[in-house]
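Computation of the quantities below employed the complete heavy-atom set of this structure, encompassing side-chain atoms and omitting hydrogens, waters and symmetry-equivalent molecules. Chain naming here is simple, since letters A, B, ... match the order of the sequence lines and numbering starts at 1 in each. In this text, all values refer to a predicted model and were calculated from it rather than measured experimentally.
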2 protein chains.
Amino acid sequence: MFININLESAEPIYIQLEHQIIEGIAKGKLSPGDPLPSVRSLASDIGINLHTVNKVYQLLKQGGYIVIHRQKGVVINPDGPPKADEEYKQNLIASIHPLIAASICRGMDEEAFLRICKEVFNEFTEEGEKK
Amino acid sequence: MFININLESAEPIYIQLEHQIIEGIAKGKLSPGDPLPSVRSLASDIGINLHTVNKVYQLLKQGGYIVIHRQKGVVINPDGPPKADEEYKQNLIASIHPLIAASICRGMDEEAFLRICKEVFNEFTEEGEKK
DNA sequence: TATCTGTTATAGTTAGAATATAACAGATAG
DNA sequence: CTATCTGTTATATTCTAACTATAACAGATA
């Protein structure tokens, strides 16, 4: 796997892991139908507890990113994650809100902020091409 | 004050308070030089502990949003917060990164994401006009 | 039968968040 | 001078989240 956990980070391990798997999907490193390691193997792989991995899998399942076949294993949702609905967008706005407020305070205008967003988008679409 | 804390939220009180003050600055409700309540009065105002308020003031001071005159009180930084530097932008990118990854997974394209950002920006610039 | 899967249960440690109470030093108003 | 305000520091406690550890269970598979 491409997982890289920073145990010193203030960001909880399970959040780091969740983000990296979601980013793996966004970049096309993980495609619908692809298998994910078992909770035990992934846990020993990155040197953490299996419960932490299980927690992440539950969150990803809840988010529609993965499907869990009880005794088969974990698979990236063959249908892909559900499309962004109104609830998702509201949460997204709530997350972006404080970032934009701080950026405005620090003298960034809309254009500068959007440029940064575009850069991040390019990072994903470019790496999607590579594969 | 315009502060509104949700004690039931999973988001820590001190984060909520910090965000709301920063948003107050971004919207022009708080202008450079404006005084902020003392840690004790604001704490009793919103029904929380003075140490929680003090923690927020320390964070805001560290971020350059406010200036603390030991026995006078707390004031919005007369020079305004420092401009966004490279470090700030890197942190901003790190914060936006997982949001964009999740949005891509959920079928949002760059245009849809930028539109939401623009909406949030309008919320600030519009309210800035009101004042 | 042995081994793998996710799942559940229980218990422990550690750290962060929030509160409570108290005290200190400098400034200010009476 | 005294009383009161300011931010600041210290100490202690409570509660929860995050993480780990060990064990067991049920279903599937080789």
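Following rounding to the nearest Å, B:I66 (CD1) and D:dT8 (P) show an atom-to-atom distance of 9 Å. With rounding to whole Å, A:E8 atom CD is found 14 Å from C:dA15 atom C1'. Distance B:I68 CD1 to D:dT9 C1': 14 Å, rounded to the nearest Å. Note: CG (A:L50) to C1' (C:dC4) measures 13 Å, nearest angstrom. Atom C1' of nucleotide D:dT8 and atom NE2 of B:H69 are separated by 16 Å, given to the nearest angstrom. Atom CG of A:L60 is separated from atom C1' of C:dG6 by 15 Å (rounded to the nearest Å). In this structure, the CD1 atom of B:I5 is 15 Å from the P atom of C:dA17, given to the nearest Å. Between the CG atom of B:N54 and the P atom of C:dA18 there is a distance of 14 Å, rounded to whole Å.
The nucleotide C:dA29 finds its pairing partner in D:dT2, both defining distances of the Watson-Crick or G-U wobble pair being shorter than 3.5 Å. Nucleotide D:dA10 is matched to C:dT21 when pairs are restricted to Watson-Crick or G-U wobble geometry with both distances under 3.5 angstrom. Base pairing analysis places D:dT29 opposite C:dA2; the two distances defining the Watson-Crick or G-U wobble pair are each below 3.5 Å.
Ranking C:dA17, C:dG6, D:dT20 by closeness to the A:N49 side chain, first place goes to D:dT20. Residue A:S38 places its side chain closer to C:dT5 than to any other of C:dT5, D:dT8, D:dC19. Listed candidates were C:dA18, D:dC19, D:dT8. Nearest to the side chain of B:I13 is C:dA18. Between D:dC19, C:dT19, D:dT22, one nucleotide has an atom nearer to the side chain of B:I48 than all others, and that is C:dT19.
One finds a side-chain N or O of B:K61 lying less than 4.0 angstrom from the OP1 or OP2 phosphate oxygen of D:dT8. Phosphate contact (OP1/OP2 of C:dT19, side-chain N/O of B:T52, threshold under 4.0 Å): present.
Salt bridge status for A:E23 with A:K29: absent, with no side-chain N to carboxylate O gap under 4.0 Å. Ion pairing between a basic and an acidic side chain is recognised when a charged N comes within 4.0 Å of a carboxylate O; A:E123 and A:K27 show such pairing.
Contact annotation for A:H51: base contact, defined as any heavy-atom pair under 4.0 Å involving a base atom. Contacts of B:Q58 with the nucleic acid, taken as non-hydrogen atoms under 4.0 Å apart, involve only primed sugar atoms and P, OP1 or OP2.
No continuous path of ILVMFWY side-chain contacts below 4.5 Å connects A:V75 to A:M1, so the two sit in separate hydrophobic clusters.
No N or O donor and acceptor, one from the side chain of B:R40 and one from the base of C:dT21, sit under 3.5 Å apart.
A centroid separation of less than 6.0 Å is found between the aromatic rings of A:F124 and B:H97.
Between B:Y88 and A:L99, the shortest heavy-atom contact is OH-O, 3.7 Å.
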